[in-house]
Amino acid sequence: MVNHSDQPCLVPLVQLQNISVRFEGVKALDGVEFSLEAGEIHCLAGENGSGKSTLIKVMTGVYKPTPDGKILVEGEHVDEMTPLEARAVKIGTIWQDLALFPHMTVYENIAITQILGNNPKIVNLKNLRSIAHDALSKLGVDIPLEEKVGSLPISQRQLVAIARALAQDCRVLIMDEANASLTHAETLKLTEIVRRLSERGISIVFVSHRLAEVLEISHRVTVLRDGRLVGVFPTQGMTQSRLSELMTGRTFANQSPRVRRANTEVVLQVVGCSRRGEFDDVCLSLQRGEILGFTGLLGAGRTELALTLFGMKRPDSGKLLLNGKRLRLRSNIEAISSGIAYLSEDRLQLGLVQEQSIASNIVAASLKSAMLGPFLSGRTLADIVSSWVRELKIKIGNAEDAINTLSGGNQQRAAIAKWLATNPQVLILDAPTVGVDVGARASIFRIVANLAKSGMSIIIISDEVPEVYFNCDRVLHFSSGKIKGEYFPQDCTVSDLERAVYG
Amino acid sequence: MGKFVRLGVAEKSLLVVILLQVIVIQSLSNQFLTSNNLMSILNVSSLNIIFAVGLLVVLLAGGIDISFAVACSVVQYVTASLMVSIGGGNWAIAVFSGVAVGVILSWINAGIIMKFRIVSIVVTIATFNIYFGLLMFFTRGTSIYNLPAWWTDRLILWEHQSEKGVWTELTLPVVVMFFAVIATWLLLARTNLGRQIYAFGDSLLAAERVGIDITRTYLIAYGWLGLMVGIGAIVQVHYAQEVVPNALYGRELDVLAAAVLGGARLGGGSGSVLGVVLGVLVITITQSGLNLVGASPYAYRMIVGAVILMAIVGYSRPFSSLLAKGLRKFGSGS
Amino acid sequence: MIKIGNRAIREILGFLLIYLLLAVVFEILNPGFWSTQIVLSMAVQLPELGLLTLAMFIPIVSGGLNLANTILANICGIVLAWFLVGYAGGEAPLIVVVFACLLALTIGFAFGAAMGTIVAYFGIHPIMVTLSMMIFLQGLGEFITRGGDISGLASNFQFLGYGTVIGVPIPLAVFVAASIICHLFMAKTPLGFTIYMIGSNIRASEFSGLATKRALIWIYAASGVLCAVAGIIMTARFNSVRVGHGESYLLISVLACFLGAVHPFGGFGRVSSVFLAVLILQLVSSGLNGLGANQHLSTALWGALLVLVMILRWALIRLSSSRL
């Protein structure tokens with residue numbers, strides 16, 4: 001136990017014991033322990049999909065753990081944690097997805113606790129405004145209080161969510177990727193506030209991708225991997241490379257960047273493309289067989305650019321060239337038929353139709369190749385499915401089962417299969433390892449490497465810097481809609497790139 | 001936002017529409033802007049406004065209800081029968097019984113929707129038929145006319161005789177409507193419960209996270225509609241002086257139309273008290289205008305339908321961004 | 001993708017069992033219920049409900065609803081009758097009858113496509129769009145008919161309601177043909193595939209390169225055409241048409257879809273099951289008639305049945321998930 005404050009604490013403030021959570025038979029958390037001391041800054045570390053957010057939702061009563069799990073607050077057993085109960089024991093949360101009310105005003109979102117409660121009462125709007133004003137000025141930002149949250153840009157929305165948590169009088173503050181879209185200056189401000197809160201005895205649970213930052217401000221770190229506890233470590237003496245080894249279960253020391261490749265002809269070219277508020281004057285080119293990485297903060301314009309290449313957004317200015325020919329895409333259907341495929345970052349909502357069958361999902365983008373007169377040929381469709389299931393070694397029972405019965409890794413392969421069935425020249429993979437367990441990640445990148453070898457051009461978008469560093473031939477750093485730098489992994493180190501991205 | 005002060009697209013458009021209607025109808029018939037006609041518009045609108053503000057609360061919570069109008073008939077029949085059987089009764093008993101029955105019928109909807117996770121439109125289509133079928137079956141379609149005198153005696157709260165001898169009267173329904181509007185506005189804009197209803201309809205996910213009791217919020221929303229149905233039922237009997245079991249059949253569509261016209265959106269997140277009040281007024285003025293101008297009364301519903309279709313398209317985000325784009329282009333072109 | 005597997009066969013057998021059971025129950029309650037007359041009357045009434053149910057089925061599978069289905073059928077019938085009566089009164093050459101039917105189909109298609117376009121391009125919920133359209137069409141119908149009805153149609157048009165083809169009543173033949181086409185459309189064409197995918201998740205479908213907007217227009221256009229066919233048959237059978245005719249079919253068609261195991265939020269559902277559900281509901285309707293049940297009591301019963309079917313569905317899901 002680390003004793004960072006002067007008072008000896010006998011009982012941890014919050015304790016989670018033997019927490020397991022299942023979703024439709026899949027274990028998201030498996031016997032995880034967690035304990036939080038008063039006044040400590042405790043980091044929860046792990047890759048995407050390792051169960052950090054799930055653990056937080058258990059702690060705040062959004063998810064129920066299986067009955068053998070226990071939640072204790074100040075040593076007292078909490079029978080049933082609910083969002084209301086969490087508020088009663090003064091746990092405040094900044095959610096990764098923000099959980100704001102888009103049609104309500106900034107001040108109502110921030111002072112939401114004043115609106116809650118089951119006993120009817122008149123809301124004192126003046127009071128709400130002053131609470132919101134105070135919280136925002138603590139953060140040192142100025143956002144119009146009467147504005148509807150839905151009309152704010154993402155980074156301001158994130159600040160509203162932070163202000164909402166600060167406005168609550170809480171003993172525990174949980175921050176799930178609270179700075180994902182904040183600039184360096186804003187993040188510094190946030191770090192300072194977190195320190196101050198901790199000095200006042202408030203405990204902070206901190207979830208972040210930025211390892212340097214994690215090590216800098218937190219006292220202890222709990223590492224999760226694939227829904228299991230790896231261990232709890234003091235941050236003193238911990239290094240970034242050790243932490244990332246713990247998180248991924250791989251030693252990057254043995255891993256090396258890809259071998260330098262010879263130049264080939266350019267397949268895709270983006271010339272001076274801009275979209276108001278999303279990206280600005282982007283120029284890039286992609287060669288045959290090349291794996292190009294996009295990295296940067298949330299909201300840096302990576303996904304928006306990818307959607308433009310995929311025909312789902314139209315650039316305000318600039319042009320796209322495919323094999324030297326001007327490409328004017330009016331829809332993603334046209335993008336697909338010209339040979340551009342896009343694997344969405346959000347597999348649950350956009351990447352796959354979760355309720356429908358594995359077979360339907362795999363053939364969804366290539367129905368044209370299975371036509372027999374006006375009808376779909378059941379046999380051709382079945383052939384497409386079985387050949388890709390074999391090719392990508394997707395583990396399935398029956399192809400007619402719903403795709404949400406598969407593990408994350410197998411779902412992602414099925415999603416890749418859907419795009420490979422369209423025979424693309426350019427494959428864009430947006431956050432391809434989100435919710436994929438560590439073992440399966442390597443095999444997905446092996447598939448990607450093989451595709452590149454066969455001549456396909458690939459773009460990988462990821463906010464996990466090591467992921468693009470080790471799997472791409474070239475990495476572009478995006479920041480506020482612009483390309484800030486170009487890196488060749490052979491010529492730099494992971495930390496160089498991380499420093500560039502996280503500042 | 002449930003605020004009078006800040007006008008949204010719907011409220012602004014409706015105010016403009018009403019202004020245009022008034023100008024056109026007045027210039028064609030010259031009888032529109034008389035205190036008598038204006039008051040009669042309020043009289044005719046009052047029940048619909050009482051219903052509409054109740055329905056607004058349900059729509060804001062993300063639900064829908066099409067059974068409330070026939071539920072209102074059930075309330076009237078039950079209350080009237082009760083009054084007759086206890087030999088008269090009085091306002092207090094009638095209001096109490098009306099509200100109780102109204103809230104119960106509305107909670108039946110909410111209960112089925114929440115407990116069995118069924119879409120609200122399907123549940124209320126079903127209860128619409130159940131309520132109406134049973135009402136017609138048990139009453140055999142007969143009306144009640146022998147109502148207690150306290151109920152049917154005209155209560156005129158203010159009256160004024162013009163020089164030509166035409167009486168202008170402020171009647172009970174209008175006063176009750178006024179209170180219903182104020183109360184609903186207070187609920188939605190100024191109480192924590194109302195803001196929770198609004199928040200719940202705005203984002204279910206966020207509502208769950210911050211710990212809004214969802215079942216309770218739903219019951220409050222439907223309960224408020226039930227309350228309005230109960231009050232509306234008593235007032236309507238007073239106004240119509242009779243209870244006709246199928247008199248309100250189909251009224252739900254007029255009210256829904258008005259609410260939608262007022263900017264309320266299915267699925268919550270938008271809609272204001274002022275908007276739905278203006279929505280009802282636009283529809284009533286249309287009807288009254290057609291009368292005054294002497295147009296075919298059969299055109300009324302068609303016009304209302306066309307207006308609503310235009311309204312839902314006009315209020316939609318794709319339309320406004322299209323409009324904005326067009327205006328930008330126009331602006332940069334000239 | 002819908003394949004006829006074991007589950008489908010089990011479902012069909014289940015429905016047939018329910019049908020037999022009900023058939024026996026009605027015979028016991030009302031001895032002499034089963035007669036050639038009742039079979040014939042069911043065969044004549046069934047298609048109206050059946051076609052309107054198909055018109056409800058396609059939107060429901062896509063995650064929507066078509067609340068305007070009965071009114072749209074009325075409108076198609078009204079326009080057709082208005083044209084026929086205006087043109088020829090009691091007698092009309094075949095070509096005019098054919099033209100009138102085509103006119104009705106076009107009207108159905110056009111209003112359906114209009115609803116689909118609003119849903120697709122303005123992102124408004126189908127409940128709102130079809131409800132608004134329902135109000136508009138009611139008004140349009142009242143305007144055309146002046147609140148009354150149009151009757152006295154050409155005798156060779158009435159043939160569509162009463163005639164037979166090789167012993168099969170024409171309405172029944174039309175319904176069976178429509179069901180088969182609907183099945184092929186939903187199960188075997190890219191558009192049908194898209195409709196199922198849209199029903200589960202429209203945005204993910206769009207990201208997969210499926211033409212979701214075009215599909216939405218076709219969904220409601222197809223629904224509109226089916227309404228038109230139902231409207232033509234209803235007009236022919238009654239030799240008259242008015243607004244609000246067959247209003248109760250709105251509820252029963254929703255009921256038939258859910259009884260036919262269509263997923264209430266879309267994405268799943270088979271024409272075969274819905275077809276059998278329609279048979280069952282027609283049997284219930286005729287059975288209640290045979291028992292001399294009060295019309296209003298039947299209305300309430302349909303409503304209760306709808307709630308019951310949904311609760312049963314809920315219970316079945318609870319049961320199967322707790323067994324896991």
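We name chains A, B, ... by the order of the sequence lines, and we start the count at 1 in each one. Note that the structure is a prediction, hence the values are computed from the model and not measured.
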Could you give the side-chain donor-acceptor pairs of residues 413-422 of chain A under 3.5 Å, partners two or more places apart or in another chain?
| residue | atom | partner | partner atom | Å |
| --- | --- | --- | --- | --- |
| A:Arg413 | NH1 | A:Leu392 | O | 3.0 |
| A:Arg413 | NH1 | A:Lys393 | O | 3.3 |
| A:Arg413 | NH2 | A:Ser443 | OG | 2.8 |
| A:Lys418 | NZ | A:Gly351 | O | 2.7 |
| A:Lys418 | NZ | C:Ser208 | OG | 2.8 |
| A:Trp419 | NE1 | A:Tyr342 | O | 3.2 |
| A:Thr422 | OG1 | A:Trp419 | O | 2.5 |

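Within 6.0 Å of NZ in A:Lys64 there are more than 12 heavy atoms belonging to other residues, nucleotides or ligands.
Comparing A:Ile333, A:Leu372, A:Val353, A:Leu352 by heavy-atom pairs within less than 4.5 Å of chain C, the highest count is held by A:Val353. Put simply, of A:Met371, A:Arg347, A:Glu355, A:Lys368, the one with the most heavy-atom pairs under 4.5 Å next to chain C is A:Glu355. Taking chain A as the reference chain and counting heavy-atom pairs below 4.5 Å, the highest number among C:Ala211, C:Ser205, C:Gly192, C:Gly209 is found for C:Gly209.
Here the closest non-hydrogen pair linking C:Ile217 and C:Ala120 is CG1-CB, 4.4 Å. For C:Ala256 against C:Thr53, the heavy-atom pair with the smallest separation is CB-CG2, 3.5 Å.
Only the side chain of A:Leu367 comes within contact range of chain C, with at least one heavy atom under 4.5 Å from a heavy atom of that chain.
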Given side chain to side chain contact (heavy atoms under 4.5 Å, CB included), test A:Leu343 with A:Gln412 step by step and report yes or no. CA-CA 9 Å; A:Leu343 181 97; A:Gln412 200 63 298; 3.8 Å; yes
Would C:Val278 and C:Leu54 count as a side chain to side chain contact (heavy atoms under 4.5 Å, CB included) if you check the C-alpha gap in whole Å, the side-chain angles of each, and the deciding distance to 0.1 Å? CA-CA 10 Å; C:Val278 170; C:Leu54 290 176; over 6 Å; no
Working note: A:Ile403 + A:Gln354, criterion side chain to side chain contact (heavy atoms under 4.5 Å, CB included); need CA distance, chi angles, decisive distance, verdict. CA-CA 6 Å; A:Ile403 202 153; A:Gln354 290 286 335; 4.2 Å; yes
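In this structure a side-chain-to-backbone donor-acceptor pair under 3.5 Å is present from A:Gln356 to C:Gly267.
Scanning residues 300-310 of chain A against chain C with a 4.5 Å heavy-atom cutoff picks out A:Leu307, A:Phe310, ordered by number.
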